[in-house]
Amino acid sequence: MAYLEWTDNLSVGVTRMDDHHKKLIALINMLFDAMSGDATRTVDTVLNDLLDYTRYHFGEEEKLLAACNYPDLEAHQGVHRSMVKEVLDMRQRYADNPASVTPNEALDFLSKWLMRHIIGKDLRYRTYAEGHQDPGTA
Ligand SMILES: [Fe+2]
Ligand SMILES: [Fe+2]
């Protein structure tokens with residue numbers, strides 16, 4: 001099974017943000033395992049962890065973008081908000097009828113959900129944030 005993987009071309013130039021993205025990828029892979037019945041943790045637990053960590057990451061990323069005066073911060077925040085809503089919708093769909101969300105669909109949906117955002121939006125802040133002091137490694 002091809003799990004989601006972080007590769008160098010996804011780097012936003014700030015180690016802490018890259019680490020957050022790696023953790024999100026790990027949670028998405030964990031969700032796939034949980035949905036496939038290959039994990040001890042339940043789908044509900046992993047989905048909640050994914051939501052919590054997503055909110056945490058978005059908050060931290062927005063703080064970083066504010067600190068480096070990123071001009072598209074407001075639009076970026078709006079995208080983050082709708083991304084949280086997308087996962088909430090998926091969680092609701094799963095709660096209503098677990099059979100309506102297969103492991104492959106969830107993996108496919110969340111890999112696009114995250115990868116399109118990193119490649120299409122997060123990489124745009126690279127030039128602003130690169131070299132900006134990374135609080136996680138200071
Ligand atoms: Fe982002
Ligand atoms: Fe991000």
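Counting convention: from 1, in listed order, for ligands and their atoms alike. The structure displayed is predicted, hence computed values, not measured ones.
- Aromatic ring pairs are classed by plane angle as parallel below 30°, tilted from 30° to 60° and perpendicular above 60°; the pair H76 and H117 is perpendicular.
- Shown here are the side chain to side chain contact (heavy atoms under 4.5 Å, CB included) partners of S82, two or more places apart in sequence or in another chain: there are none.
- Checked against the Fe ion (ligand 1), the N, O or S atom of H76 at the shortest distance is NE2.
- Side-chain contact check for K121 versus R116: every heavy-atom pair is 4.5 Å or farther apart.
- Checked against a 6.0 Å centroid threshold, the rings of Y125 and Y128 do not count as neighbours.
- The N, O or S atom of H80 lying closest to the Fe ion (ligand 1) is NE2.
- At least one donor-acceptor pair under 3.5 Å links the side chain of T54 to the backbone N or O of L50.
- Each protein N/O/S atom under 2.8 Å from the Fe ion (ligand 2) was counted, for a total of 4.
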For this session: Could you please spell out the steps behind the side chain to side chain contact (heavy atoms under 4.5 Å, CB included) verdict for M90 and L110?
Result: CA-CA 10 Å; M90 195 189 82; L110 288 170; 4.1 Å; yes
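- Ring orientation note: the planes of H20 and H57 are nearly perpendicular, at an angle over 60° on the 30°/60° scale.
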